[in-house]
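What you see below is based on every heavy atom in this structure, not just the backbone, and it leaves out hydrogens, waters and symmetry mates. Numbering of ligands and ligand atoms starts at 1, following listing order.
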Amino acid sequence: MGKANGQVVLITGASSGIGLALAQVLAKEGAKVMITARRKDNLVKACQEMRSSGGQVDYYVADIAVEKEVSQLVEHTNKHFGKIDILVNNAGYGHFLKLANTTSEDMHNIMEVNFFGTFYATNAVLPIMKKQNSGHIIMVSSVAAKRVFRDAGGAYNVSKYAMQSFAEALRMELLESPIKVSIVCPIVTATEFFDLAEKQIGKKATLSGPIQTSEQVANTIVSLIEKPKAEVMMLKPIRILLALNALFPSLVDQIIQRFFINPEKNRN
Ligand SMILES: NC(=O)c1ccc[n+]([C@@H]2O[C@H](COP(=O)([O-])OP(=O)(O)OC[C@H]3O[C@@H](n4cnc5c(N)ncnc54)[C@H](OP(=O)(O)O)[C@@H]3O)[C@@H](O)[C@H]2O)c1
């Protein structure tokens, strides 16, 4: 049995993609899982499937951008399972427009979900974990919280950088406490995340470079539960680029322009 067995895990953004894959792995491992998102049909179906194979799973519909709904979600989870061992802040969405075409409303909306949603859930869970004198908060951040790799969708980077620095600040504040904070930085993951591109820019997002699956990210999160770490970068060589970025950011601009944004240039 893994370490997740018997642990109560609250996963936000679990109606699809990474959050759903994580719930499925944890349910198999014997964790007590509360899944949440806005799409009730998805949550009900996921719950039924996991329960049919013995999973101890429940769902709660909430909009992560609404603080009251998030505090009710946390209260409900704590009452239902009697404790909350692990919070996985995973709810989030992408953005595919250039900054020049991004409205204030777009920027507010994405900050409300990707940053404030994380803030609301963490704030609601912390008093419970402090009382328990144990807990683990896991942030599903992104490589997009470390460096901008595209020439559009900057609002997403802004929101993820905010989430990342919130996570680091919290980790420092809790360094001496029994409550752990971990960050996972996935690279491109094949999920519904990219569906929004068609709506925003009128064409499907082209996924380039190494692409991972939701299950790979889920398994990495499970290994973080087994052995808490400050941060996991899902594609290790990215660290080299980030180190180079700390020293020579304009050189990295050129590398990204050539190899990430216009990779076809290299075929001439
Ligand atoms: N896919 C990638 O390439 C990639 C790479 C790095 C990091 N990430 C991060 O991974 C996380 C999960 O994304 P994914 O790739 O699994 O995409 P996904 O399949 O689109 O999942 C996103 C989840 O967030 C939920 N969500 C969005 N807005 C919400 C809101 N206002 N209230 C409550 N829940 C909300 C969605 O549920 P409802 O729509 O049902 O509410 C859904 O369950 C995100 O934080 C994303 O930034 C993704």
Side-chain angles (χ1 to χ4, degrees), residues 10-25 33-47 59-70 72-74 87-96 106 108-122 138-150 153 155-164 166-167 183-200 204-218 220-221 231-235 238 260:
L10 168 57
I11 309 171
T12 71
S15 60
S16 60
I18 295 168
L20 176 56
L22 177 64
Q24 288 164 338
V25 179
V33 186
M34 181 65 74
I35 57 174
T36 182
R38 292 164 303 174
R39 284 171 294 173
K40 187 176 174 185
D41 290 355
N42 287 31
L43 296 174
V44 170
K45 188 166 167 268
C47 249
Y59 75 89
Y60 190 94
V61 177
D63 185 335
I64 206 75
V66 180
E67 188 169 15
K68 194 158 187 263
E69 289 185 24
V70 179
Q72 285 165 346
L73 154 75
V74 168
L87 164 68
V88 183
N89 280 309
N90 168 73
Y93 69 94
H95 193 74
F96 301 89
D106 293 336
H108 276 286
N109 288 345
I110 201 161
M111 288 298 287
E112 276 297 340
V113 175
N114 295 3
F115 168 64
F116 279 100
T118 300
F119 176 70
Y120 299 148
T122 305
I138 300 175
M139 313 284 188
V140 181
S141 180
S142 172
V143 287
K146 296 286 192 175
R147 218 310 177 167
V148 177
F149 285 90
R150 295 164 56 213
Y156 178 66
N157 295 96
V158 171
S159 68
K160 283 295 190 182
Y161 271 70
M163 182 196 195
Q164 175 81 20
F166 171 69
I183 302 168
V184 59
C185 297
I187 54 162
V188 173
T189 313
T191 66
E192 292 175 22
F193 181 90
F194 295 97
D195 292 358
L196 202 61
E198 212 162 353
K199 231 188 243 168
Q200 286 189 343
K204 278 194 168 36
T206 39
L207 308 186
S208 54
I211 298 170
Q212 62 195 358
T213 63
S214 301
E215 288 69 28
Q216 284 172 297
V217 185
T220 299
I221 298 172
E231 186 177 281
V232 177
M233 181 63 66
M234 296 248 0
L235 187 69
I238 293 271
F260 289 76

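- For Ser16, the side-chain contact (heavy atoms from CB on, under 4.5 Å) partners are Arg39, Glu192, not counting sequence neighbours.
- In this view, Phe193 and Phe96, Tyr156, Thr191 satisfy the side-chain contact (heavy atoms from CB on, under 4.5 Å) rule, not counting sequence neighbours.
- In terms of the salt bridge (charged side-chain N to carboxylate O under 4.0 Å, His left out) criterion, residue partners of Lys45 (sequence neighbours excluded) are, by chain and number, Glu49.
- Proximity of Val33 to Leu22: side-chain heavy atoms (C-beta onward) are nowhere separated by under 4.5 Å.
- Listed by chain and number, Gly13, Ala14, Ser15, Ser16, Gly17, Ile18, Ala37, Arg38, Arg39, Ala62, Asp63, Ile64, Asn90, Ala91, Gly92, Val113, Val140, Ser141, Ser142, Tyr156, Lys160, Pro186, Ile187, Val188, Thr189, Thr191, Glu192, Phe193, Phe194 each place a non-hydrogen atom less than 4.0 angstrom from ligand 1.
- The shortest distance between side-chain heavy atoms of Gln216 and Pro186 does not fall below 4.5 Å.
- The aromatic rings of Tyr120 and Phe116 sit tilted relative to each other, their planes meeting at an angle between 30° and 60°.
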